[in-house]
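Computed from a prediction, not measured in an experiment: that's the story for all the values here. To find a chain, count down the sequence lines: A is the first, B the second, and so on, and within it residues start at 1.
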There are 2 protein chains.
Amino acid sequence: MVISKFITRKKAETPEETEQFSQLPIEKKERITEAFINEFAKKGFRAASMNKIVERAGISKGSLFNYFNSKNQLFMYVYKVAFERVKEYLREVREETKDEEFFTRFQKIMEAGVTFIQKHPKLARIYYRILYTGDSPEGATILRELHAESMKFIGSLVKQGVERGEISAEIDVDKAAFILESVLNRFLQVQNQNVLDPSLNLYGASSEESERWIEELVTLLRNWMGESSNEPV
Amino acid sequence: MVISKFITRKKAETPEETEQFSQLPIEKKERITEAFINEFAKKGFRAASMNKIVERAGISKGSLFNYFNSKNQLFMYVYKVAFERVKEYLREVREETKDEEFFTRFQKIMEAGVTFIQKHPKLARIYYRILYTGDSPEGATILRELHAESMKFIGSLVKQGVERGEISAEIDVDKAAFILESVLNRFLQVQNQNVLDPSLNLYGASSEESERWIEELVTLLRNWMGESSNEPV
DNA sequence: CTTAGAAATGACCATGTGGTCAATCTATGA
DNA sequence: TCATAGATTGACCACATGGTCATTTCTAAG
């Protein structure tokens, strides 16, 4: 019966939405997508229940499996949606802060990150979940892409900062990018995960509190790595 | 039948090992614990299968549920074991590097982290998993404790560094600790999660490569925040 | 109003889950 | 040798899972 494995396979599993699903009325599509995101954000991939999703979305199971061939494909679709939104957002921020001085720019990027998480906490949860559960191998692929983009983004900022003389010229660009990316990532993480936040009181903090934190962090970083710093070893 | 809920409850669920389990021959205990760790590291809490664990450990299901009252309690036990080992390790490193200069100390701590992950990759996986799955609420409690410890640890290092004049005195200790902790954490994360490592080539890197990376990172940090740095704003 | 084709449905399936417990085995002491 | 108490077992349970598909419902053209 090995052959049947190949014969009965319906379609390749792509992250793309099925034709049938894409042709649905927008309102219904959105309601369903919302239900997907909620369930995956709450439970992660593996524990997410197709039955619950069906229930939340108010459609029948048969329909769901007409729209998507498998749980995996459904997840890939959700993930792709989230991914696109994040990329879009990154692009906007980069454009908006194009002419700012390096550290001001970095500060605004951090603030934008906070805003994004506050606006889309569910998507953030999905992102942070997939990172470590590693449930869905294809998800990992997309994630790698996303992360690479983020590193490239920060890396280019740093390089530009050096060229403009806003950052000490002798600095190792890659390492500096790594450090900045670490701080940025960690900060957003703490905003999103109360587990990590026993003493900082940043989880669920107000925008004002977050912004003050960011400002102080950036001030610190600026004094450390700003171009007026001492000569390197 | 609400009452039965309380009457039939066997024991409070503590992370402690059961009396019965603790009295097992050490060899058997270790074999079983190993099986636990393997399964949880591979699948995470929710997807880990008690049946598989039983199979791996070579014991019967009845025995397993004699040793631990529930999957949750079993997980708590495993987690506690891992937690103790990490704490123990942290303590050692702190003691060993007591008299070093701040940045040298920080460097050694990073190296120690890498070593730990290389020695106990499974435990690291469990740690990184539980972070975001949030499956087990009690697990989150322990995790918070661990993280708080790590922050306290780095915080005290920084304070000491300032007192000794190895770090610029005007620096905000909390923020500096946050930054250092971010970098440390991120670095270890990248070592452990290939998803995060598209360009850095640190995942599964040799000790030598890791150490060179660490050295360069620390050099950078030292030049930025070392006491010979420029005056703060 | 009829009817053909598409869309939606939910009962159903095999499989796997965490957890139980009466029956069996084992080791010790008399 | 037997009796007894504790440890060990695995068949068994109710339930949930992802996925299927024969049937019903909807829709729109003739």
Tell me the interatomic distance from [X], atom [atom1], to [N], atom [atom2], rounded to whole angstroms.
X: A:Ile53; N: D:dT17; atom1: CD1; atom2: P; answer: 11 Å
X: B:Phe65; N: D:dG10; atom1: CZ; atom2: P; answer: 15 Å
X: A:Lys52; N: D:dC15; atom1: NZ; atom2: C1'; answer: 12 Å
X: A:Lys71; N: D:dT20; atom1: NZ; atom2: P; answer: 15 Å
X: A:Asn66; N: D:dT25; atom1: CG; atom2: P; answer: 17 Å
X: A:Gln73; N: D:dG19; atom1: CD; atom2: C1'; answer: 14 Å
X: B:Phe21; N: D:dA7; atom1: CZ; atom2: P; answer: 14 Å
X: A:Gln23; N: D:dT27; atom1: CD; atom2: P; answer: 16 Å

Check whether any side-chain N or O of [X] sits under 4.0 Å from OP1 or OP2 of [N], and answer yes or no.
X: A:Ser49; N: D:dT17; value: yes
X: B:Lys28; N: D:dA7; value: no
X: B:Ser63; N: D:dT9; value: yes

Among the nucleotides [options], which one has an atom lying closest to any side-chain atom of [X]?
X: A:Gln20; options: D:dA7, C:dG19, C:dA7; result: C:dA7
X: B:Asn51; options: D:dT17, C:dT17, C:dT9; result: C:dT17
X: A:Ser60; options: D:dG18, C:dG19, C:dT9; result: C:dT9
X: A:Ile59; options: C:dT9, C:dG18, D:dG10; result: C:dT9
X: B:Ser70; options: D:dT8, C:dA8, C:dG19; result: C:dG19

Considering all heavy atoms, the nearest A:Lys71-A:Arg46 contact: NZ-O, 3.0 Å
For A:Ser210 against A:Gln191, the heavy-atom pair lying closest together: OG-NE2, 2.8 Å
Position toward the 5' end of DNA chain D (nearest nucleotide), A:Ala48 or A:Gly62: A:Ala48
Close approaches to DNA chain C from residues 31-41 of chain A, in residue order (heavy atom, under 4.0 Å): none
Spacing of CZ belonging to B:Phe106 relative to OG1 belonging to B:Thr97, to within rounding of 0.5 Å: 12.0 Å
Inter- and intrachain pairs under salt bridge (Lys or Arg N to Asp or Glu O under 4.0 Å), touching residues 30-40 of chain B, at least two apart: B:Glu39-B:Lys43, B:Glu39-B:Arg56
Presence of donor-acceptor pair under 3.5 Å, side chain of B:Lys61 and base of C:dG19: yes
Donor-acceptor under 3.5 Å (A:Tyr128 side chain, A:Asn192 main chain): no
NZ/NE/NH1/NH2 to OD/OE distance under 4.0 Å, A:Arg91 and A:Glu88: yes
NZ/NE/NH1/NH2 to OD/OE distance under 4.0 Å, B:Lys98 and B:Glu95: yes
Verdict with supporting geometry, B:Leu74 and B:Ile53, side chain to side chain contact (heavy atoms under 4.5 Å, CB included): CA-CA 11 Å; B:Leu74 169 58; B:Ile53 288 174; 4.1 Å; yes
